[in-house]
Amino acid sequence: MKESQYPPKEDELDRLDLKPKKDFAGGWDAVNSSLKTLKKNKAILRGIPASLKMNQKQGFDCPGCAWPDPDEERAMVEFCENGIKALAEEATSRKIGRDFFQQHTLQELSQMSDYELSQLGRLSEPLYKSKGELKYKSIDWNVAFEKIGKKLNSLSNPDEAIFYTSGRTSNEAAFLYQLFARKLGTNNLPDCSNMCHESSGVGLSETIGIGKGTVKLQDFEKADCIIVMGQNPGTNHPRMLSTLQRAVRQGVKIISVNPLREAGTESFCHPQEVAGVLGHKTQLSSIHLPIRINGDVALLKAWQKLLLDKEHERGGVLDLQFIQNKTIGFTEFKDHLHHVEWSQILSSCGLSREQIEEAFQVLLKSKNIIVCWAMGLTQHKNAVANIQEVVNLLLMRGQLGRPGSGVCPVRGHSNVQGDRTMGIIENPPADLIEGLEREFVFTAPKKSGYNVVHSLQAMHEGVAKVFVAMGGNLLSASPDTEYTAEAFRRCDLTVQISTKLNRGHLVTGEEAMILPCLSRSERDRQKTGFQKVSVENSMGIVHSSQGGLDPISDQLKSEVSIVCGLAKSTLNEDWSGFEEDYSRVRDKIEKVIPGFEDYNIRLEKPEGFYLPNGVRDSQSFVTTSNKAHFTIHDIPKWDLREEQFLMMTIRTHDQFNTTIYGLNDRYRGVFGGRRVVFMNSQDMVKLDLDTYDEVNLLSRYDQIERVVERFKVVPYEIPKQCVATYFPEANALVPWDLYADKSHTPVSKSVVVEIQRK
Ligand SMILES: Nc1nc2c(c(=O)[nH]1)N[C@H]1C(S)=C(S)[C@@H](COP(=O)(O)OP(=O)(O)OC[C@H]3O[C@@H](n4cnc5c(=O)[nH]c(N)nc54)[C@H](O)[C@@H]3O)O[C@H]1N2
Ligand SMILES: Nc1nc2c(c(=O)[nH]1)N[C@H]1C(S)=C(S)[C@@H](COP(=O)(O)OP(=O)(O)OC[C@H]3O[C@@H](n4cnc5c(=O)[nH]c(N)nc54)[C@H](O)[C@@H]3O)O[C@H]1N2
Ligand SMILES: [Mo]
């Protein structure tokens, strides 16, 4: 077995236990699960006081998702079950250091499952693996910095280095990190966004002139209808359920569009309300549309066609004045829609005309509509089209940039949006480069750098030689695990700045380093005293975050300190001023990035401040035409043969991306194992498969056959010829060179697979 593959564990396969799926999220189970999590991670002492500070106005930002905190009164405990799990993961009192690494080779460690790796605890000292060595040894921080600096300076071209960022990095660390890369001379700044909401950013920027959402939390109660498409908030953004619940109590209608009937969009028992803990449910979606995977363009076109028909029939449906004054491309868009056949729509989305029309009646009655989405729309070949069809729908009735209406891409990592705002981007806009050059007096690189896909390719081809990661686990998060692993092995040096051990530390370049950093919940003390950092949430609010726990080891450095250390050893620049006092970093950010005027002063406000958003604030669209654009897209065609299935890779309730907290997916009724494939029971009959049967999954793309072995079949309510597996176990099936048009996001939600009985 190759080291990068996920070892199928015999006991895990045996332990798999299936129960009925839940039809609600939250409730006592959520409270119970939070307590169990704290206990299991030995985080009781470090965890409980910490969780009281989480998402409080003077506390630290939850290391989980990017859902905003309420502006007004906050509950004493403003977090969710999965926030507790994210916190317990980093606030655990377990740790590993030199002794542990002396006892195990990398090969031995890679036989452990991701769950076992995450149970080991926090990384507690810097580690180094030299060429030819099989183990990591401890290394002094200064020696580590010097080695990295020497290597970076020996490259024949700065573009041979790659600087990846995951989305937990603070604004301050992210700003310095991109400055460091650009001072070195490269724009090779791929980040987790490339695999995540890049399609949203690209799709929205082209059509409405800003790559972010256009609503505030308050808009949810002002809407008449909220459409939740391709998102599983019960698991991935649980605090969003309180927002949806409040909206429903105000009479807002929710429509969910998802191949699966996810518990969290069905009903909610608020775990912080007595009635909720006792099992009193609020029904959330009034309509659920079990769409086929990748059927969204077809559904959106169906609704757009129905709107046109109604306008034709009785008038007053479309906002013609808005269309006239604020948009371009409507005539062509309308002509195109006339030619779209209903038969094509129905076969693509797999819904009946009645289902589509029932939801349409709700839309028609709704003056204000918000559309929320996440990875179910962004990880397809035509993901940008998905987003732009959402925009088309809203533009038809002027439902953008007015209260209660707009787009809401629900972000993943807690500061992924902030990292982008800070300049973590491989194709920097001209004004960012100008700002950096003006403020720091140097010549910044102008040529676009590598995104994630291009980075993997460059490493694989030996063009890139040094890989540095500010957090994350690119090895496991990337598509095509074997290709990716080989890309890492071909590097000269791989450096991971991390809190916890993951598979990415085990598949390395010739030389490898692990630089352990403080987590967000820990105190960050520098020369001038305790430091706070800042982050931006899904709704463009920037606020501060300050950890309160004692660091798990005195060998940890903050991400800011680490970047300053790299600047000294590589650029021979003294950044100690930044390291001593992060407000000096914020002063620089203020001078370079628009919207951060009086950054330090405004950050004092506990609720933080909103960044400007032209669409939301004044219906201004900063596009090439200064108007919003209607766009035209084809309905994707999947000519699947009988034995082929369209596979989406999704998250369980017990993981944060590649960090596996446990082996259960409680809401979907899957316990004790992750190597499962959810199938429609009629498809199972066709393939003569029974529940718990073991199968291999196979994808063929561009003459290459990719296989993952030993998955168990789970019958599930999922449209025919659609299947679901968990990320990251099935990533080996996603071809690295199959990605979304324009955004280059790997197609993790639409991979054609075959299922073979063992
Ligand atoms: N606890 C926890 N919280 C997290 C994360 C985590 O792993 N754990 N990850 C964070 C990150 S980085 C992100 S990006 C977000 C991810 O948040 P989500 O996007 O909610 O996560 P996924 O599990 O990828 O779920 C995608 C959903 O889209 C549906 N779907 C798949 N394909 C299609 C399609 O073609 N059309 C439609 N309409 N639906 C489809 C799936 O059934 C599933 O419900 O969550 C963030 N929050
Ligand atoms: N097949 C498939 N693949 C996917 C997806 C999918 O839906 N399907 N989703 C994609 C998405 S949306 C995303 S965002 C990516 C996620 O990709 P990444 O962001 O690269 O991965 P994570 O699993 O979130 O990273 C976890 C690691 O981050 C480190 N870490 C945690 N907290 C901190 C911190 O505060 N500082 C530092 N320096 N390190 C820290 C820990 O060492 C931990 O092991 O995966 C993508 N890959
Ligand atoms: Mo993400």
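Just so you know, ligand 1 is whichever comes first in the structure, and atom 1 is the first atom listed for that ligand. These numbers come from the heavy atoms of this one structure, side chains and all, not from hydrogens, waters or symmetry mates.
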Query raised in the report: What atoms of ligand 2 come within less than 4.0 Å of a heavy atom belonging to C517?
Result: 36 (N), 37 (C), 38 (N)
Query raised in the report: Does the pair D665/R651 count as a salt bridge with the N-to-O cut at 4.0 Å?
Result: no
Requested in this report: Using a strict 4.0 Å cut-off to heavy atoms of N731, name the atoms of ligand 2 that fall inside it.
Outcome: 1 (N), 2 (C), 3 (N)
Query raised in the report: Between R122 and E522, is there a side-chain N and carboxylate O pair less than 4.0 Å apart?
Result: yes
**Report entry** Plane angle bin for Y483 and W736 - parallel if under 30°, tilted between 30 and 60°, otherwise perpendicular
**Finding:** parallel
Requested in this report: Please identify which atoms of ligand 2 are closer than 4.0 Å to at least one heavy atom of Y164.
Outcome: 17 (O), 18 (P), 19 (O), 20 (O)
**Report entry** Atoms of ligand 2, numbered as shown, that sit under 4.0 Å from any heavy atom of E559
**Finding:** 34 (C), 36 (N), 37 (C), 38 (N)
Query raised in the report: Only one of I226, T265, I287, N232 clears side-chain contact (heavy atoms from CB on, under 4.5 Å) with S256; which?
Result: T265
Query raised in the report: Quick check: does I497 get an N/O under 3.5 Å from an N/O on ligand 2?
Result: yes
Query - Lys/Arg-Asp/Glu bridge criterion (N-O < 4.0 Å) met for E90, K500 - result: no
Query raised in the report: Would you call R668 and E262 a salt bridge, using N to O less than 4.0 angstrom?
Result: yes
Query raised in the report: Are the ring centres of F467 and F488 closer than 6.0 Å?
Result: yes
Report summary line: Taken in chain and number order and not counting sequence neighbours, the residues that satisfy side chain to side chain contact (heavy atoms under 4.5 Å, CB included) with K21 are R261, E266, Y716
Query raised in the report: When you check the gap from the basic side-chain N to the acidic O, do R420 and E198 get nearer than 4.0 Å?
Result: yes
Report task. Considering only NZ, NE, NH1 and NH2 on the basic side and carboxylate oxygens on the acidic side, decide whether E536 and K212 come within less than 4.0 Å. Result -> yes
Requested in this report: Check each atom of ligand 2 against the heavy atoms of G471 and keep those under 4.0 Å away; list them by number with element.
Outcome: 37 (C), 38 (N), 39 (N)
Query raised in the report: Short list, please: which atoms of ligand 2 are under 4.0 Å from a heavy atom of S498?
Result: 39 (N), 42 (O)
Report summary line: The answer, listing residues by chain and number that come under 4.0 Å of ligand 1 through any heavy atom, is C65, N82, C196, G230, Q231, N232, T235, N236, H237, V257, N258, P259, L260, E262, I291, I293, N294, D296, A374, M375, G376, H380, G412, H413, M648, I650, R651, Q655, F656, N657, K749
Query raised in the report: Is S519 in polar range of ligand 2, meaning some N or O pair under 3.5 Å apart?
Result: no
Query raised in the report: In terms of atom number and element, which parts of ligand 2 are under 4.0 angstrom from non-hydrogen atoms of N502?
Result: 27 (C), 42 (O), 43 (C), 44 (O)
Requested in this report: Report yes if N473 has an N/O atom closer than 3.5 Å to an N/O atom of ligand 2; otherwise report no.
Outcome: yes
Query raised in the report: What do you reckon, are the aromatic ring centroids of Y726 and F678 less than 6.0 Å apart?
Result: yes
